[in-house]
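To start, the structure under review is shown below, and the notes come after it.
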Amino acid sequence: MSDALRLHTTTSQPNGSAWPRRRVLQTGLAVGPAAWLAGCANVVGQAKPHVVVVGGGWGGLGAVRALAREQVAAITLIEPNERFMSCPMSGHYVAGAGSLDELLHSYQRVEALPGVQRLRARAQAIERDRREVVLDGGQRVRYDALVLSPGIEYMEDSLPGFAQAREALPVGFRAFEHQAVRAQVERFLAQGGTFVMSAPKPPYRCPPAPYERAMLIAEQVKKRGVRGKIVFLDANPAPTPAPIAQPILGALRAYADVIDYRPNVELQAVDAGRRALQTSAGELRYDHANLVLPMRAHALVRQAGLGQRWADVLLPSFQAKADAHIFVIGDAQGSPQPKSGQVAFGQGRAVGEEIARRLRGEAAPALKGEMELPLGICWAATSHDEAINVNVVTTMVPGEAPKLRFTVDPKPSARSGTAAWSWARGIWRAMLG
């Protein structure tokens, strides 16, 4: 164990050394806009404050990169997986037209950043009164500031019968689940039959992804001459979010002979033994299925009392409303921003810079007029070579709800298909080196 980590892996009493702060930043209090503006001044001669980041995905890596660059804190990244796997761009792999190796990347260069230590462990609980993260092996890691980027979990209780069918019906919206979905798709492409897919009501991770996945699989159906069809059940009246609806519907028309798109149909129950779905439009039998369930923040958010379905955060800081020492970013936070990789990475960088500013004791910038939150960039593949580009700018005025402005390609293009891969490779380098 490194000296930096030894300082902060503890079983000490909760009244140990605190993150230097003004009195208004009391642990455990719900804080208003004035409170999170208070700066934090480091104490001369004191060991560097300890920032713990839970989750080595897009948001967590953004925070680690920003904090390491600022060199004002010892940083512990808690991430159980040996390697990083990208969910963005995974549709090509799932559909059988891409390689898993393109999505997998090493954490080696992140671990080599100054002041960074990675623990290959899983966070099981947060004890806010002690400012400690409890790991799956019982170890406790103390923090002065905590950045949570734990991602999402599926609301299995929303679909009766799914828990019993979990192994047979992989969702594939979390890293390392995609291999199971790929196997499901390959069986369909080999055997044919009816493949039922679905999209839930938002918010959920990467809204264009279910439609993208269906089109990429349909492309393989046509290329391989498979005797099968895709029945796509959309709980929404049209593809979501609304600004992408017409471009996605236009792209779906190119697969009308393969994809039977059914809007306003909600899943109600699944019987895996009979391979039957109960829906708001009646029973539907299937040979293969990829059902995308409603989602919520990782259980850590509820365990720590930071929110119910999503974490309650203050904007633009992404500080938890319930605790001034905790910031929640990525898909677990409950702001109106899209739940996408690019947004999560931008939130992570912004939070890392905000924590560093506070630890240096710098005054908060004045908040007035319109400001932008981290940018959203998304690419919805409609074939292996073409995509629809979606850019989302989120602006806010202090005291008002954020506003989202979309710029969307009117139709798919090879130019956007190429740009998607250029974007992915560039941001993977920015995250992982």
Side-chain angles (χ1 to χ4, degrees), residues 1-20 27-28 46-68 71-85 106-153 174-176 297-307 311 320 322-330 332 348 351-352 355 359 432:
M1 183 183 299
S2 71
D3 290 341
L5 185 56
R6 189 176 291 111
L7 288 171
H8 303 288
T9 304
T10 180
T11 56
S12 64
Q13 295 301 311
N15 293 325
S17 61
W19 180 22
T27 302
Q46 178 177 303
K48 282 186 176 181
H50 188 215
V51 180
V52 173
V53 179
V54 174
W58 294 67
L61 290 173
V64 168
R65 282 282 178 184
L67 286 162
Q71 298 188 32
V72 295
I75 307 156
T76 297
L77 172 62
I78 298 173
E79 168 54 53
N81 292 309
E82 180 180 359
R83 303 181 74 186
F84 167 90
M85 179 180 177
S106 171
Y107 284 109
Q108 185 175 358
R109 292 184 179 177
V110 174
E111 294 167 341
L113 292 170
V116 175
Q117 170 82 25
R118 180 166 80 102
L119 289 180
R120 283 197 61 191
R122 196 174 302 277
Q124 296 283 43
I126 299 165
E127 295 191 2
R128 286 169 43 201
D129 57 339
R130 302 174 65 99
R131 292 208 305 279
E132 291 177 350
V133 179
V134 183
L135 306 183
D136 47 6
Q139 184 180 13
R140 293 170 176 266
V141 183
R142 198 170 194 283
Y143 60 84
D144 295 309
L146 175 62
V147 181
L148 286 180
S149 189
I152 55 95
E153 63 181 38
R174 297 181 296 201
F176 298 99
H298 190 281
L300 276 174
V301 166
R302 283 172 297 286
Q303 178 274 321
L306 303 176
D323 195 315
H325 291 271
I326 300 177
F327 297 78
V328 188
I329 57 175
V351 163
I355 292 172
L359 293 178
L432 295 142

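Note that the structure is predicted; figures quoted are calculated from it, not measured.
- Shown here for Ala297 and Ala311, the closest heavy-atom pair between the two residues is CB-N, 4.5 Å.
- The environment of Arg122 atom CZ is sparse: at most 12 non-hydrogen atoms of other residues, nucleotides or ligands sit within 6.0 angstrom.
- Nearest heavy atoms, Gly348 versus Ile329: CA-CD1, 3.5 Å.
- Closest approach of Ala322 and Gly305 over heavy atoms only: CB-O, 3.6 Å.
- The closest donor-acceptor contact from the side chain of Glu79 to the backbone of Asn81 lies under 3.5 Å.
- Between the side chain of Lys48 and the backbone N or O of Gln71 there is at least one donor-acceptor pair closer than 3.5 Å.
- Here the closest heavy-atom approach between residue Phe84 and residue Phe176 is recorded as C-CZ, 4.5 Å.
- Contact of the Ile126 side chain with the Tyr143 side chain is registered, since non-hydrogen atoms from C-beta on lie closer than 4.5 Å.
- Across all their heavy atoms, Leu432 and Arg109 have their closest contact at O-CB, 3.4 Å.
- Note: Arg140 CZ to Glu127 CD = 4.0 Å, rounded to the nearest 0.5 Å.
- Atom CD of Gln108 has 12 or fewer neighbouring heavy atoms from other residues, nucleotides or ligands inside a 6.0 Å radius.
- Atom CZ of Phe327 and atom CG of Leu148 lie 11.0 Å apart (nearest 0.5 Å).
- Of all the heavy atoms in Ala121 and Leu135, the pair that sits closest is CB-CD1, 3.9 Å.
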Identify each donor-acceptor pair in which a side-chain atom of residues 59-68 lies under 3.5 Å from a protein atom, sequence neighbours left out, and give them as a table.
unit_1 : atom_1 : unit_2 : atom_2 : d
Arg65  : NE     : Ala430 : O      : 3.4
Arg65  : NE     : Met431 : O      : 3.0
Arg65  : NH2    : Met431 : O      : 3.4

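- Taking CD1 from Ile326 and CG from Leu306, the interatomic distance works out to 5.0 Å, rounded to the nearest 0.5 Å.
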Next on the checklist: The test is side-chain contact (heavy atoms from CB on, under 4.5 Å); show your working for Leu146 and Arg131 and say whether it passes.
Outcome noted: CA-CA 8 Å; Leu146 175 62; Arg131 292 208 305 279; over 6 Å; no
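- In this structure, Gln303 CD and Arg128 CZ are separated by 9.5 Å, a value rounded to the nearest 0.5 Å.
- Of the residues listed (Gln117, Arg118, Arg142, His50), the one engaging Thr76 in a side chain to side chain donor-acceptor pair (under 3.5 Å) is His50, and it is the only one.
- Remark: the backbone N or O of His325 is paired with a side-chain donor or acceptor of Asp323 at under 3.5 angstrom.
- Side chain of Arg174 to backbone of Glu153: no donor-acceptor contact under 3.5 angstrom is found.
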